[in-house]
Amino acid sequence: MEEIKIIPVIIFLGPPGAGKGTQALRLSRVKSIPKISTGDMLRHAVQEDSDLGRKVKSIMAEGALVDDETMLNLVADRIARPDSKDGFILDGYPRNIHQAAQLEKVLRPHMQICVVVIDVPEAEIIKRVAGRRTCPQCERIYNVHFHPPKADEVCDVDGTKLFRRQDDQERVVRKRLTTYRKETLPLIEHYKKRGVLQVVNGVHLEEEVGNAIASQVRC
Ligand code: ADP
């Protein structure tokens, strides 16, 4: 009989600035499956000034959530692409219980959810986010305090000028944390009850967290 191949759907959960994007990118390289970041997709739309971009710009700038239907359309389209057929990593989705239910409905047979929580206390978050810089070209994430680029403000890999996210100002980060507590935190309980949750301590160097994910997490 032919063996059924499980298709991993790896969901990264954790507060803003926990390192989800960084670790999701790392794991996507290890596993050769795409990292799908809803935050990155929305930021691209804003940059391109598309209809979607215009719709979400002010919502994102305030640290609130974009509506569930818009997010579902975006994610459903993305995971239907051929590169997602052997699995994918979700960074930033789902972000509330309703989105989690909507996601289940668009998964294909044999897809199995596996959730990785990166645990970082809030006090640490503000410090981290203030120093965060991103490469618009390759999406590598730096931190001027903990993981600086070799040359000031440019990407080590492709030399592109790094940018600072507009929603990384302290006022907006606090709002994003409130949104996280209210909307996203209940997802941890939800996935815990289903027995698909694994927690990793995010208060270590990027590489150590990456190694912990590679060695502890079973997906
Ligand atoms: P964070 O570092 O806060 O996790 P992201 O890059 O994942 O940031 O998301 C940035 C912003 O994009 C969010 O504050 C929100 O406005 C919007 N966003 C991203 N993903 C979602 C989602 N699944 N549902 C609603 N809004 C989202």
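Heavy atoms only: backbone and side chains are in, while hydrogens, waters and symmetry mates are out. Each ligand, and each atom within it, is numbered from 1 in the order the structure gives.
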Pairs touching residues 8-30 that satisfy side-chain hydrogen bond (donor to acceptor under 3.5 Å, both in side chains), sequence neighbours left out: none
May I ask you to say whether Arg176 pairs ionically with Asp168, meaning some side-chain N is under 4.0 Å from a carboxylate O? yes
Listed partners of Glu189 passing salt bridge (Lys or Arg N to Asp or Glu O under 4.0 Å), at least two apart: none
Pairwise, report which nitrogen or oxygen atoms of ligand 1 are under 3.5 angstrom from protein nitrogen or oxygen atoms, and how far apart they are.
| from | atom 1 | to | atom 2 | distance (Å) |
| --- | --- | --- | --- | --- |
| ligand 1 | 2 (O) | Arg176 | NH2 | 2.8 |
| ligand 1 | 3 (O) | Arg95 | NH2 | 3.3 |
| ligand 1 | 3 (O) | Arg176 | NE | 3.0 |
| ligand 1 | 3 (O) | Arg176 | NH2 | 2.9 |
| ligand 1 | 4 (O) | Lys20 | NZ | 3.1 |
| ligand 1 | 4 (O) | Arg95 | NH2 | 3.1 |
| ligand 1 | 6 (O) | Arg43 | NH1 | 3.0 |
| ligand 1 | 6 (O) | Arg43 | NH2 | 3.1 |
| ligand 1 | 6 (O) | Arg165 | NH1 | 3.2 |
| ligand 1 | 6 (O) | Arg165 | NH2 | 3.4 |
| ligand 1 | 7 (O) | Arg95 | NH1 | 3.2 |
| ligand 1 | 7 (O) | Arg95 | NH2 | 3.3 |
| ligand 1 | 8 (O) | Arg95 | NH2 | 3.4 |
| ligand 1 | 8 (O) | Arg165 | NH2 | 3.1 |
| ligand 1 | 9 (O) | Arg95 | NH2 | 3.4 |
| ligand 1 | 16 (O) | Ala64 | O | 2.5 |
| ligand 1 | 20 (N) | Thr38 | OG1 | 2.8 |
| ligand 1 | 20 (N) | Gly92 | O | 3.4 |
| ligand 1 | 20 (N) | Arg95 | NH1 | 3.2 |
| ligand 1 | 23 (N) | Gly92 | O | 2.9 |
| ligand 1 | 23 (N) | Gln99 | OE1 | 3.1 |
| ligand 1 | 24 (N) | Gln99 | NE2 | 2.9 |
| ligand 1 | 26 (N) | Val66 | N | 3.0 |

Is the shortest distance from a Lys or Arg side-chain nitrogen in Lys175 or Asp167 to a carboxylate oxygen in the other one below 4.0 Å? no
Report the residues that fulfil ring-ring contact (aromatic ring centres under 6.0 Å, His included) with Tyr142, sequence neighbours left out, ordered by chain and then residue number. His147
Rounded distance (nearest 0.5 Å) linking atom CZ of Phe88 with atom CE of Met111: 4.5 Å
